[in-house]
Amino acid sequence: MNKKIKIQLNKFPQVPNKLRENSPSNIVKDEVTIKLSRLYYHYYLDFWGIIQSHFTYKNSDIFEYLVKSPDFRFHLNGTTINSDHKRIVSYLLGQAFCRYFLYEFCGITYFAHMDKIIDKTTHPAFNGLRIQRALTGDIPDYLCARKVDEPYIAEAKGRFNNINFNSLEFAKWRKQFENIIILDKSGKNCKIKGFIVATKFVTDQNINSNRSTIMAEDPETGGDNIGTRVNGSIGRGCIAIHYSNVAEKLGLPLISQVLGGNIIISENLIIKLPLYKCLHPKLEGQSFISGRRFFGELRWSEFFVRENYIMKKLENSLGVNHPLFFGLHLDTFKFLIKACTVNWNFLSEITPLEDVEDEEENLMLLRDGTVSGNLNLFEFVEQREFRLGEFETI
């Protein structure tokens, strides 16, 4: 299902190609089409650490309250049980629309929540670079990246009241970019570009001309211009934390901890993971690894024995309604386990994939290599050994 939403840009030196009225011009479209299935993907994966077995891209509790109209509009009584509920809805959807906008229109693939980074022990992938709080007050929501040498800061907002680029609220949101500083190994303050993506939502009680609108601005932090090397350090850290969250969703805590910068590994460690091939025509023959979750009520039992993760055989009792598969493309995973040996440069060698979707089959593949879909679309091939290394707490 698709919905229309208005779009407004401010201080964008160049309008992203997908938002242009026509390709040669630098004029932004008046409205864009939002695909609810993909919006729900960003909403659900950003909000929950574990995917539930009943997850589909069409059963969002929030989106059930949309008005049956071409534009993105809520039923009033779907959002006004109380003011706190309304704030929660706008907050969650504001983050979902931010990720959707940056992913779909700006080509940004990797997202790390700023609370995983700010004022914490430096992740080794950052190569000595630190992101710190400079002033009290709110800070932007995300560190994100298009690729290793193109990192960004992003702030997400959602509101049911009227907002515009000249409002006091936007001025406060711009101020958040002054509340952090990025320091390189020598302590030099580095400048980084960013995005404010604020979405105004409307209900069936608003007049038809008052429509939901994405308002995006292109600010930057303070500091000096930085080179490719520093950008690469920021980007590597972002990508490592992005895949740490993916590994957590897959039920692979060791890999999640390594990529999250919490432990280091050395020597040799072998994990055995189930390898699947996809049977869907759009991904036929492509291979994916999975973890111990996402099979409805069925689970892989995982336990640690000496230096091996041993995956027990999945019982052949698929009597669960619509069991769900969630996995990661094998080619992507190979570079991640190389990075797990503290060679973070392998993160720059990950090749983004082409998006693939089949809404009827509940199939979704994103550029970061994550895939999900009905389990009957994936066939078990074997348990594959992957060598990582011994690990120790840091």
Side-chain angles (χ1 to χ4, degrees), residues 108-155 176-195 219-248 253-267 269 332 335-350 352 368 388-394:
I108 291 176
T109 301
Y110 308 104
F111 296 86
H113 283 275
M114 192 63 76
D115 64 356
K116 299 275 189 180
I117 303 164
I118 194 76
D119 291 335
K120 295 186 178 179
T121 302
T122 303
H123 190 300
F126 284 101
N127 192 30
L129 181 136
R130 307 184 306 280
I131 301 179
Q132 296 182 180
R133 184 183 294 274
L135 300 169
T136 58
D138 292 338
I139 60 174
D141 292 301
Y142 298 103
L143 175 65
C144 49
R146 184 178 288 121
K147 52 185 180 179
V148 164
D149 59 355
E150 289 189 47
Y152 300 91
I153 303 291
E155 168 63 10
Q176 293 186 25
F177 285 76
E178 300 175 13
N179 292 344
I180 62 170
I181 54 174
I182 296 116
L183 302 175
D184 67 10
K185 287 196 289 188
S186 66
K188 182 179 180 181
N189 189 8
C190 305
K191 181 185 296 185
I192 184 172
K193 292 291 291 180
F195 297 92
E220 60 187 12
T221 66
D224 300 320
N225 290 324
I226 55 179
T228 301
R229 178 175 297 180
V230 175
N231 265 331
S233 297
I234 302 173
R236 277 194 304 272
C238 172
I239 294 171
I241 294 172
H242 174 94
Y243 281 111
S244 172
N245 292 333
V246 170
E248 180 183 2
L254 171 62
I255 295 175
S256 177
Q257 290 293 308
V258 174
L259 292 173
N262 300 315
I263 60 176
I264 60 174
I265 56 176
S266 59
E267 301 301 329
L269 179 71
T332 303
F335 286 110
L336 290 183
I337 60 172
K338 290 179 180 178
C340 282
T341 60
V342 199
N343 192 341
W344 301 105
N345 288 328
F346 280 112
L347 295 174
S348 65
E349 297 186 29
I350 296 174
D368 65 357
L388 297 179
E390 293 179 352
F391 69 96
E392 59 182 322
T393 303
I394 59 172

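For clarity, every value in this text was computed on a predicted model and none was experimentally measured.
Under the side chain to side chain contact (heavy atoms under 4.5 Å, CB included) criterion, Ser186 pairs with Asp184, Lys188, not counting sequence neighbours. With sequence neighbours excluded, no residue forms a salt bridge (charged side-chain N to carboxylate O under 4.0 Å, His left out) with Lys116. Every side chain to side chain contact (heavy atoms under 4.5 Å, CB included) that Arg130 has, sequence neighbours left out, goes to Thr122, Gln132, Leu183.
Closest heavy-atom contact between Leu347 and Ala240: CD1-CB, 3.8 Å. When all heavy atoms of Phe177 and Gly194 are compared, the closest pair comes out as CE2-CA, 4.0 Å. Across every non-hydrogen atom of Cys144 and Phe111, the tightest pair is CB-CD2, 3.8 Å. Nearest heavy-atom pair across Gly235 and Pro151 is N-CB, 4.1 Å. Nearest heavy-atom pair, Ala145 versus Cys238, reported as atom, atom and distance to 0.1 Å: N-SG, 3.8 Å.
Side-chain contact check for Ile180 versus Pro140: some heavy-atom pair is nearer than 4.5 Å. For the pair Tyr110 and Ile350, the minimum side-chain heavy-atom distance is below 4.5 Å. Two residues are said to be in side-chain contact when any heavy atoms from C-beta on lie closer than 4.5 Å; Thr136 and Asn179 fail this criterion. You'll find the side chain of Leu336 stays beyond 4.5 Å of the side chain of Lys338, heavy atoms only. Two residues are said to be in side-chain contact when any heavy atoms from C-beta on lie closer than 4.5 Å; Ile108 and Tyr152 meet this criterion. Side-chain contact between Ile117 and Phe126 is present, with at least one heavy-atom pair separated by less than 4.5 Å. Put simply, the side chain of Leu129 does not reach to within 4.5 Å of the side chain of Lys185, judged on heavy atoms. Two residues are said to be in side-chain contact when any heavy atoms from C-beta on lie closer than 4.5 Å; Ile234 and Leu143 meet this criterion.
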task: Carefully, step by step, assess Met114 and Asp141 under the rule side-chain contact (heavy atoms from CB on, under 4.5 Å).
output: CA-CA 5 Å; Met114 192 63 76; Asp141 292 301; 5.9 Å; no
field: Candidate pair Ile263 and Leu254, rule side-chain contact (heavy atoms from CB on, under 4.5 Å), full reasoning
entry: CA-CA 9 Å; Ile263 60 176; Leu254 171 62; 3.5 Å; yes
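A tilted orientation is assigned to the rings of His113 and Tyr142, their planes being inclined by 30° to 60°. Using bins of under 30°, 30° to 60° and over 60° for the plane-to-plane angle, the ring pair Trp344/His123 lands in the perpendicular bin.
Side-chain atoms of Ser233 do not come within 3.5 Å of backbone N or O of Asn127 as any donor-acceptor pair. A side-chain donor-acceptor contact under 3.5 Å links Ser244 to the backbone of Ser256.
Taking CD1 of Ile182 as the start and CG of Asn189 as the end, the distance is 7.0 Å to the nearest 0.5 Å. Here CD1 of Ile255 is found 9.0 Å from CG of Leu269. Values are rounded to the nearest 0.5 Å. Rounding to the nearest 0.5 Å places CD1 of Ile181 at 10.0 Å from SG of Cys190. Here the straight-line distance linking atom CD1 of Ile239 with atom CG of Asp368 works out to 10.5 Å at 0.5 Å rounding. Atom CD1 of Ile139 sits about 11.5 Å away from atom CG of Leu135, to the nearest 0.5 Å. Taken from CZ in Arg236 to CG in Asp149, the straight-line distance is 10.0 Å, to the nearest 0.5 Å.
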